[in-house]
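Reviewing the structure listed below.
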Amino acid sequence: MDNSSKYLHPEFETLSREGIEKLQLERLQATVRHCMNSPFYKKRFEEIGLKPEDIKTLDDVRKIPFTTKQDLRDTYPFGIASVPLRDCVRLHSSSGTTGNPTVILHTQKDLDAWADAVARCLWMVGLRPEDVFQNSSGYGMFTGGLGFQYGAERLGMLTVPAAAGNTLRQIKFIKDFGTTAVHAIPSYVTHMHDVMVEQGVEPRRDTKLRTLIIGAEPHSEEQRRRIEEMMGVKAYNSFGMSEMCGPGVGFECQEQNGLHFWEDYYIVEIVDPQTLEPVPDGEVGELVLTTLNREAMPLLRYRTRDLTRILGRTCPCGRNHVRIDRMRGRSDDMIVLRGVNIFPIQIEKILMQFPELSSNYLITLSTDRDNDNMTVEVEIADLFTDDFARLQELNVKVTAALKAEILLKPRVKLVPKGSLPVSEGKAVRVVDNRKVYQ
Ligand code: AMP
Ligand code: ZN
């Protein structure tokens, strides 16, 4: 590996737009042909009379029906596969908590391509074989564990499979092993920092940390800046989902100006979730992804439910792979309260603007005397006062700022540090206790 190169795979990363689209068309045609080996897709194509030869241009992707999470559930566990089970070497499943989990199968070739994609992302943010990479995310079925493990090893870094939890041990590892980069869920990073403060560990002084990879759950720009400030690092946003392998799908470059989605691996579409028609660049819609180099289980026009928008297709870093805005949240996460649509991330963005508040918060929806209400509990920061009058004053300010953002007045409760639950997996930000009237 040439340590001085900006790119791990220059032949793909620096393709022109024409080059990307040419490769995408070839790979799309091959994928559709390969999907004829999947009983699920074969039947789908026959129902609408679609033949692989009908895909003549990239726009023809729109002739292909969407694939949904429900399709994965209906064919649970192996029904969408395009290769026999004996050719598969691993399966992962999503972190969903309701119904059948969704299962994704991988051949060895799929795992190699996945490790390459993750290695490419890590290289893009400046990590090199000299770095020590600590993966503080869950292992097991959660793809953030093995996904980053193999990617970081592929790059050649000393990789520490610390997994999530046991925060004192995490901090000891960071200090003893000279860890320079950590991958973790953003809510866990802030918890790790709280424990560092308790232990008298100052990351800038006592560790070699300089890069954090944060992802797997929605977080605001304000949250990222806060993490960078408290840990004294650069923090890069990583997007992935188990249906698309896991991490390595979209990743920020050092410009930190949107996530590059690797278009040699995926066709990216943003559609209106109601009409399912494409929306113009810059407009928010649902992210739809088609895999271009998957063997065991290609997915065509997979509706991710994640809401975002296209920011651009060029970047000062020299990569022309589409840049996607950070996720607004999933369409299923949207809170509809008294007819108003609210995303938890809007609330987070406001809370993070107050240095007096910590990063841990919880939104509870409840029905009180037939009225639906929202309560926002947020922990106060370490050094802030316990003076009642000042807390009251802060409460009034936070409430007003939230009202200006979400157009409803929530009940705000400022609670002591450490009183809200911390999860080792993705943070639970919303609890809905509303009465449902039939
Ligand atoms: P899973 O398949 O269990 O890993 O969950 C994938 C989902 O996690 C995605 O569809 C997104 O909703 C969410 N997600 C993953 N990475 C991010 C990120 N960087 N920002 C926001 N949401 C994310
Ligand atoms: Zn870039």
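Each residue takes its place number in the sequence, starting with 1. All ligand and atom numbering here is 1-based and tracks the order in the structure.
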Close N or O approach (Thr304, ligand 1; < 3.5 Å): no

Gln256 and Asn237: side chain donor to acceptor below 3.5 Å: no

Arg330 N/O under 3.5 Å from ligand 1 N/O: yes

With the Zn ion (ligand 2) as the apex, the SG/NE2 angle for Cys315 and His260 - to 10°: 110°

Atom indices of ligand 1 within 4.0 angstrom of Ser242 heavy atoms, with elements: 1 (P), 2 (O), 4 (O)

Any side-chain donor near an acceptor of the partner, Thr375 and Thr364, under 3.5 Å: no

Ligand 1 N/O within reach of Lys426 N/O, cut-off under 3.5 Å: yes

Residue selection (non-hydrogen contact nearest atom 10 (O) of ligand 1) among Leu289, Asp306, Ile214, Thr143: Asp306

Exercise: do Tyr139 and Asn135 side chains pair donor with acceptor under 3.5 Å: yes

Which of the ligand 1 atoms, numbered from 1, are nearer than 4.0 Å to a heavy atom of Asn237: 18 (C), 19 (N)

Proximal atoms of ligand 1 relative to Glu243 (non-hydrogen, under 4.0 Å): 2 (O)

Donor-acceptor side-chain pairing of Thr107 and Glu295 below 3.5 angstrom: yes

N-O pairing of Glu348 and Arg226 below 4.0 Å: no

Salt-bridge criterion met for Glu13 and Arg319 (N-O under 4.0 Å): yes

N or O contact, Ala216 vs ligand 1, cut-off under 3.5 Å: yes

Side-chain touch Arg313/Arg17, heavy atoms, less than 4.5 angstrom: yes

Ligand 1 N/O within reach of His219 N/O, cut-off under 3.5 Å: no

